[in-house]
Amino acid sequence: QPFVNGYGKRRSSPLILHHEALTDEARQLQQDLKRHGVDDAKLRRYDGTIPMQKFPTLIVLCPWPELQLSSEVRGLEQHARQVGWWLRFQEDSVDLLDLNGQTAIRLSTPTGAIFAVHHGEEVGAVIWFITGSDLLATQRASQLLMKTPEQIRGRAAIAITEERLWDIPR
């Protein structure tokens with residue numbers, strides 16, 4: 001919905017940044033957006049940077065191990081509470097955070113996540129992350145979004161394990 005109508009009466013063309021192993025998923029997402037009225041979503045392979053100044057609306061489809069190397073992601077993560085970042089990927093687990101930024105639940109199984117964070121001063125400058133602790137968890141998150149989006153409708157952020165969906169913040 002936010003890609004069709006925008007935020008604050010402002011709509012911008014989304015850019016889908018994707019990991020090279022997730023090209024098919026990115027194309028499917030682009031086609032799903034087109035089917036829902038977003039004809040101008042663009043695709044670009046993720047190269048380690050996130051062009052936040054050029055594109056107010058971004059969708060990043062990439063496993064966390066590659067994303068954590070990005071200076072833009074590290075900057076957003078440092079300001080977690082201000083931008084709406086409610087999870088923390090560790091080497092062998094994922095922490096779901098509460099509203100105070102403290103660990104509420106630690107998941108030690110492969111975990112995917114779908115969440116949006118605000119960036120910059122502009123109203124509607126949002127990055128949607130579709131990520132996971134590994135490639136398979138990222139694919140699980142992507143498939144949930146594309147095949148059963150009603151499961152995440154109305155949720156600000158969600159973590160996905162093989163067993164269940166977890167609302168975040170906790």
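Counting from 1, the numbers follow the sequence of the chain as shown.
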Asker: I want to check something: taking the side chain as every heavy atom from C-beta on, are Q143 and E25 in contact at a cut-off of under 4.5 Å?
Answerer: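 Yes - at least one pair of side-chain heavy atoms lies under 4.5 Å apart.
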Asker: For E20, does its backbone N or O pair with a side-chain atom of T23 as donor and acceptor, under 3.5 Å?
Answerer: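 Here the side-chain-to-backbone pair exists.
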Asker: Among V94, V73, T111, find the residue that satisfies the side-chain contact (heavy atoms from CB on, under 4.5 Å) test when tested with W64.
Answerer: V73
Asker: Side-chain contact test, heavy atoms from C-beta onward, threshold under 4.5 Å: evaluate it for T57 versus I127 and give yes or no.
Answerer: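 SC-SC contact between T57 and I127 ruled out.
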Asker: Would M146 end up clustered with I158 when hydrophobic side chains under 4.5 Å apart are linked, directly or stepwise?
Answerer: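 Yes.
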Asker: To the nearest 0.5 Å, tell me how far T148 OG1 sits from R153 CZ.
Answerer: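 The distance works out to 10.5 Å.
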Asker: Find out whether D134 and P63 are in side-chain contact, i.e. whether some heavy atom of one side chain is under 4.5 Å from a heavy atom of the other.
Answerer: no
Asker: Would you mind reporting whether L67 and L69 have side-chain heavy atoms less than 4.5 Å apart?
Answerer: no
Asker: Do L165 and R155 have side chains that get closer than 4.5 Å, going by heavy atoms?
Answerer: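 L165 reaches R155 side chain to side chain.
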Asker: With heavy-atom distances below 4.5 Å as the criterion, would you say the side chains of I50 and S71 are in contact?
Answerer: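 Heavy-atom side-chain distance check fails, nothing below 4.5 Å.
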Asker: Does T138 reach the side chain of L61, with side-chain heavy atoms less than 4.5 Å apart?
Answerer: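 Heavy-atom side-chain distance check passes, below 4.5 Å.
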Asker: Are side-chain heavy atoms of T103 and L96 found at a separation under 4.5 Å?
Answerer: no
Asker: Look up atom CG in L33 and atom CD1 in I16, then write down how far apart they are to the nearest 0.5 Å.
Answerer: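 The CD1 atom of I16 is 5.5 Å from CG of L33, to the nearest 0.5 Å.
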Asker: To the nearest 0.5 angstrom, please state how far the CD atom of E91 sits from the OG atom of S133.
Answerer: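 It is 12.0 Å, given to the nearest 0.5 Å.
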Asker: What is the distance from atom SG of C62 to atom CG of L17, rounded to the nearest 0.5 Å?
Answerer: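 Here the rounded value is 9.0 Å.
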Asker: Please find the pair of heavy atoms, one from L58 and one from P51, that lie closest to each other, and give the distance.
Answerer: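 Heavy-atom minimum between the residues: CD1-O, 4.2 Å.
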Asker: If you take all heavy atoms of A141 and I160, which pair is closest and at what distance?
Answerer: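 Where A141 meets I160 most closely, the heavy atoms are CB-CD1, 3.8 Å.
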Asker: Rounded to the nearest 0.5 Å, how far does NE2 of H19 lie from OH of Y46?
Answerer: 9.5 Å
Asker: What's the spacing between T161 OG1 and L107 CG if we round to 0.5 Å?
Answerer: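 Here the interatomic distance stands at 6.5 Å.
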